[in-house]
Amino acid sequence: MSEHTLRVADLTKSYNAGKPNEVRVLQGVSLDVKPGEVVALVAPSGAGKSTLLHIAGLLDIPDKGSVQIEGTDMSRLSDRKRTAVRRSTVGFIYQFHHLLPEFTALENIVLPQLANGVADKAAETRAMALLDRVGIGARAAHRPAALSGGEQQRVAFCRALANEPSLLLADEPTGNLDPDTSDRVFDALMALVRDTGLAAVIATHNLDLAARMDRQVRLNGGVLETS
Ligand code: ADP
């Protein structure tokens with residue numbers, strides 16, 4: 001077992017390669033994240049945060065470079081195996097919650113577990129424990145439209161952790177909330193992450209939130225600077 005949950009090395013990624021509108025987004029990005037470590041990924045909009053998170057989370061492939069998750073080099077796996085690793089190992093949180101509108105908060109956390117082979121009762125128990133942990137157990141039976149923005153995002157955190165991933169990747173997870181709500185929802189996220197000992201990379205514009213993580217890296221001109 002590797003000492004790192006995530007190791008990305010020398011990633012490069014361009015869009016429209018070789019064309020006049022080529023965008024060179026990543027130009028040699030390396031990042032290691034250990035279990036229990038929470039890394040703030042700070043960069044202005046358009047710098048390539050989503051591109052990096054998508055590659056690290058196996059939703060996209062780099063032009064060059066490698067991604068290792070728990071010691072396994074992902075470029076050596078078939079697409080099917082990579083998808084299986086992503087489903088069982090990586091949790092994603094986006095700026096917008098992307099909850100399923102026709103299902104309750106609880107069901108939104110149960111469904112990914114059922115898809116992963118967990119039995120009904122066990123999935124419900126885990127979903128309820130997660131909702132309680134982020135302080136919204138009383139909202140379990142509400143559909144997303146009946147929840148506030150902060151509550152919706154808390155449900156999305158629970159969903160991301162439903163299948164006990166070892167790596168959490170979050171793209172501006174509180175970017176859509178007002179500053180006070182953002183602060184409280186971020187606290188809930190950090191408590192959840194600390195409980196589980198996850199490795200996490202959390203992209204944010206917000207320097208106050210970034211300062212509350214273990215370490216900060218900045219994406220600038222296609223390379224990562226550690227501060
Ligand atoms: P961030 O998440 O930091 O805002 P992104 O990773 O979304 O940045 O995008 C980085 C750059 O790559 C931007 O200039 C964006 O316009 C460009 N880009 C992202 N996806 C594509 C794509 N599919 N095709 C062409 N350009 C893209």
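Counting starts at 1 for both ligands and their atoms, in listed order. This one's a predicted model, so the numbers in the text were calculated from it and none came from an experiment.
- With a 6.0 Å radius and a threshold of 12 heavy atoms from other residues, nucleotides or ligands, Arg24 has its CZ atom at or below the threshold.
- Under 4.0 angstrom from ligand 1, the non-hydrogen atoms of Thr51 come from both its backbone and its side chain.
- The proximity of Ala43 to ligand 1, defined as any non-hydrogen pair under 4.0 Å, does not occur for either the backbone or the side chain.
- Atom 10 (C) of ligand 1 has Gly46 O, 3.3 Å as its closest protein atom, hydrogens excluded (heavy atom only).
- When distances from atom 15 (C) of ligand 1 to the protein are checked, no heavy atom turns up under 4.0 Å.
- Nearest protein heavy-atom contact of atom 8 (O) of ligand 1 is Gly48 N, 3.1 Å.
- Within the set Ser50, Gly222, Ala47, the minimum heavy-atom distance to atom 2 (O) of ligand 1 is found for Ser50.
- Nearest protein neighbour of atom 12 (O) of ligand 1, counting heavy atoms only, is Val25 CG2, 3.3 Å.
- Using cut-offs of 30° and 60° for the angle between ring planes, the Tyr94 and Phe92 rings count as parallel.
- Of the protein's non-hydrogen atoms, Tyr15 CE1, 3.3 Å is the one closest to atom 19 (C) of ligand 1.
- A salt bridge links Arg76 and Asp73; the closest N-O separation between the charged side-chain nitrogens and carboxylate oxygens is under 4.0 Å.
- One hydrophobic cluster holds both Leu167 and Leu11 under the rule that ILVMFWY side chains link at heavy-atom gaps under 4.5 Å.
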